[in-house]
Protein chains: 2
Amino acid sequence: MPPNYSVSEENYIKSIHYLQQVNEAVSTSALAEHLNAKPASITEMLKKLQAKGLLLYNPYKTFRLSKEGNKVALIIIRRHRLWEFFLVDKLQFSWEEVHEVAEELEHVRSKKLIDKLDAFLSYPKFDPHGDPIPDANGKINIQQQLPLSRLPLNKQAVITAVQDQSSELLSFLSSLNIVIGTRLEIKRRLAFDNSLEIKCRNKQAVNISEQVAKAIQVNPL
Amino acid sequence: MPPNYSVSEENYIKSIHYLQQVNEAVSTSALAEHLNAKPASITEMLKKLQAKGLLLYNPYKTFRLSKEGNKVALIIIRRHRLWEFFLVDKLQFSWEEVHEVAEELEHVRSKKLIDKLDAFLSYPKFDPHGDPIPDANGKINIQQQLPLSRLPLNKQAVITAVQDQSSELLSFLSSLNIVIGTRLEIKRRLAFDNSLEIKCRNKQAVNISEQVAKAIQVNPL
DNA sequence: TAAATTTTTTAGGTTTGCCTAAAAATTAAT
DNA sequence: ATTAATTTTTAGGCAAACCTAAAAAATTTA
């Protein structure tokens, strides 16, 4: 059976994975900052993770997860994002408040639980923030998805999903001829309310609120 | 906000609560046995729980939970049983395999999570083993329910529910004129297979297997 | 490139929750 | 009512995961 890791070890692995996405290799101080701990504590854990084969590390140098470490990271991310999806989709949490609870749930170590949860949720591909959910083998869907609110100006994208807490939103959007699959780009971002002026192909530009923009998931082209 | 307790503290509280149901007051060695720990470790934690006002305890004497301690116990039991219900009802776990996973889930400390889970499950009154689920205020339905298999000999009880994995069981029982609301008592327990001889009011005694007895929930009178 | 600064590691504590072994209190037996 | 047996507590350690302060290495700057 696969080894189990402590909550603390899991949090280190997750943070290292996160910092690697920005920076390839990670420094002790960056990780200390991210984990809200002192550098001395980080060093200690680095040695432990290396001894377990999860980390590639030489004293006084930067470090990164080993192949095995990355596999473990993806398992934890999978748990986290599936729980987030569950909380929003089934328990009616708003997507701002799920993170903290998912932070605890992600450490419940049962593969069977997570795989059954995945099935129960109909194998969702993205969590409520638009981040992709790794599958049972730790594979992540290459296609990236993000909320329309985070799409750069003038970058074309296709709508892939709409978080329809109320189905009101969906009907509002379809009245604007905005549906899943619609191609669009942002022409202007209004600073005072973060509303967006978006343009669909050859139609006239329309204005949508930040809230709506956050609920729309897009896939940049 | 209400204080939070460590996983270890929660497990002690839960075990003390469990042992109290049988025995009013609990001894160090009984608790050590139940928690699979050494008596010396128990003593240590007892002092901690007493200091926090959860336990009524005098050195060298037996002990029991304070009012506050009981309240905490019921919160933990509520979490545990709701998760068990969720695992069986939504994730299709079989009721034998839920305990271990629920044992981990029960320590996720978010009142909001549990109350929303409760609502999502439509406020179930009993977990898959037939144990009552405390409500959001920690109140337990007075009417106690237990599997027929655990009913003491010659004690009258009324059938309150049948776990009908297959509806086959229900029709088998109704062929014996055993339905929800039927009053019965156990006349004999056969040691070699744990089957029961049960008697309904003024009818003839019938024999049922341990498996069936476990699926029938009763309310002792 | 040598000194100054920053980063990382080492060394030595602390807390939590467990342990063993010995001492103290309680309970049982003669 | 003593003595014997059992139970509980105290005393002193250990591991995990954190900490502070000092030492060592790496990096930057003059």
Side-chain angles (χ1 to χ4, degrees), chain A residues 3-16 19-20 22-65 69 72-73 76 103-104 106-107 109, chain B residues 3-17 19-20 22-65 69 72-73 76 103-104 106-109:
Chain A
N4 272 354
Y5 301 103
S6 72
V7 170
S8 210
E9 287 169 329
E10 289 194 350
N11 282 332
Y12 273 77
I13 293 167
K14 201 171 48 129
S15 287
I16 296 169
L19 294 171
Q20 274 184 29
V22 179
N23 235 319
E24 183 72 34
V26 184
S27 75
T28 302
S29 51
L31 184 54
E33 165 101 356
H34 194 255
L35 278 170
N36 233 297
K38 302 295 159 178
S41 310
I42 304 298
T43 303
E44 217 175 80
M45 184 61 94
L46 294 181
K47 288 191 281 189
K48 214 176 301 180
L49 294 177
Q50 186 189 38
K52 295 191 180 188
L54 301 172
L55 195 69
L56 304 171
Y57 163 62
N58 292 103
Y60 292 104
K61 300 279 169 61
T62 58
F63 45 87
R64 61 197 175 81
L65 293 174
V72 173
I76 303 166
E103 211 59 24
E104 280 203 62
E106 77 186 2
H107 298 296
R109 293 169 268 270
Chain B
N4 272 353
Y5 302 103
S6 72
V7 170
S8 210
E9 288 169 330
E10 290 194 350
N11 283 330
Y12 273 78
I13 294 167
K14 200 172 48 131
S15 286
I16 296 168
H17 178 94
L19 293 171
Q20 272 184 170
V22 180
N23 236 320
E24 183 73 34
V26 183
S27 74
T28 302
S29 52
L31 185 53
E33 164 101 356
H34 194 255
L35 278 169
N36 233 298
K38 303 293 159 178
S41 310
I42 305 298
T43 303
E44 219 173 78
M45 184 63 94
L46 294 181
K47 288 192 280 189
K48 214 174 303 177
L49 294 177
Q50 186 188 38
K52 295 191 181 188
L54 301 172
L55 195 70
L56 304 171
Y57 163 63
N58 292 103
Y60 292 104
K61 301 277 167 62
T62 58
F63 45 87
R64 60 197 175 83
L65 293 174
V72 174
I76 303 165
E103 210 59 24
E104 279 203 62
E106 77 186 1
H107 298 297
V108 175
R109 294 170 267 270

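Below, each value reflects all heavy atoms present in this structure, side chains not excepted, and no hydrogens, waters or symmetry copies. A, B, ... follow the sequence lines: proteins, then strands. Residue 1 opens every chain. Keep in mind it's a predicted model, so treat the numbers as computed, not measured.
Of all the residues in residues 42-51 of chain A, A/Thr43, A/Lys47 reach under 4.0 Å from DNA chain C with at least one non-hydrogen atom.
The distance from atom CG of B/Leu31 to atom P of C/dC18 is 11 Å, rounded to the nearest whole Å. Rounded to whole angstrom, the span from the OH atom of B/Tyr5 across to the C1' atom of C/dG17 amounts to 18 Å. The distance between atom CZ of A/Phe63 and atom P of C/dT7, rounded to the nearest whole Å, is 14 Å. In this entry the distance linking CG of B/Asn36 with C1' of C/dG17 reads 15 Å, nearest Å. Computed from coordinates, the A/Asn58 CG to C/dT8 C1' distance equals 13 Å when rounded to whole Å. Rounded to an integer number of Å, the gap from CG of B/Leu35 to P of D/dT8 is 14 Å.
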Which protein N or O atoms sit under 3.5 Å from an N or O of nucleotides 4-6 of chain D?
none

Pick out the pairs of N or O atoms, protein on one side and nucleotides 21-26 of chain D on the other, that lie under 3.5 Å.
none

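Without hydrogens or angle criteria, A/Gln50 side chain to A/Leu55 main chain gives no donor-acceptor distance under 3.5 Å. Looking at B/Gln20, its side chain never comes within 3.5 Å of a backbone N or O of B/Ala25 through a donor-acceptor pair.
In terms of phosphate contacts, B/Ser6 brings a side-chain nitrogen or oxygen within less than 4.0 Å of OP1 or OP2 of C/dG17. Under 4.0 angstrom from either OP1 or OP2 of C/dT7 there lies no side-chain N or O belonging to A/Thr28. Applying the 4.0 Å criterion to OP1 and OP2 of C/dT9, one finds that A/Tyr57 has a side-chain N or O inside that range.
Within 4.0 Å of A/Ser8, counting heavy atoms only, lie sugar-phosphate atoms of the nucleic acid but no base atom.
Residues that satisfy the side-chain hydrogen bond (donor to acceptor under 3.5 Å, both in side chains) test with A/Thr62, not counting sequence neighbours, are absent from this structure. Checked against side-chain hydrogen bond (donor to acceptor under 3.5 Å, both in side chains), B/Glu10 has the following partners two or more places apart in sequence or in another chain: B/Arg79, B/His107. Here B/Ala40 pairs with nothing under the side chain to side chain contact (heavy atoms under 4.5 Å, CB included) rule; sequence neighbours left out. A/Lys52 pairs by the salt bridge (charged side-chain N to carboxylate O under 4.0 Å, His left out) definition with A/Glu9, not counting sequence neighbours. With sequence neighbours excluded, no residue forms a side chain to side chain contact (heavy atoms under 4.5 Å, CB included) with A/Glu44. Applying the side-chain hydrogen bond (donor to acceptor under 3.5 Å, both in side chains) criterion to B/Glu103, with sequence neighbours excluded, gives B/Lys14, B/His99. For B/Thr43, there are no side-chain hydrogen bond (donor to acceptor under 3.5 Å, both in side chains) partners two or more places apart in sequence or in a different chain.
In terms of position on DNA chain D, the residue among B/Ser29 and A/Tyr12 whose nearest nucleotide sits closer to the 5' end is B/Ser29.
Applying the side chain to side chain donor-acceptor pair (under 3.5 Å) test to every pair with at least one member in residues 29-41 of chain A, sequence neighbours left out, gives these pairs: A/Ser15-A/His34, A/Ser27-A/Ser29.
Annotation for A/Arg109: atom CZ counts as buried by contact number, over 12 foreign heavy atoms lying within 6.0 Å.
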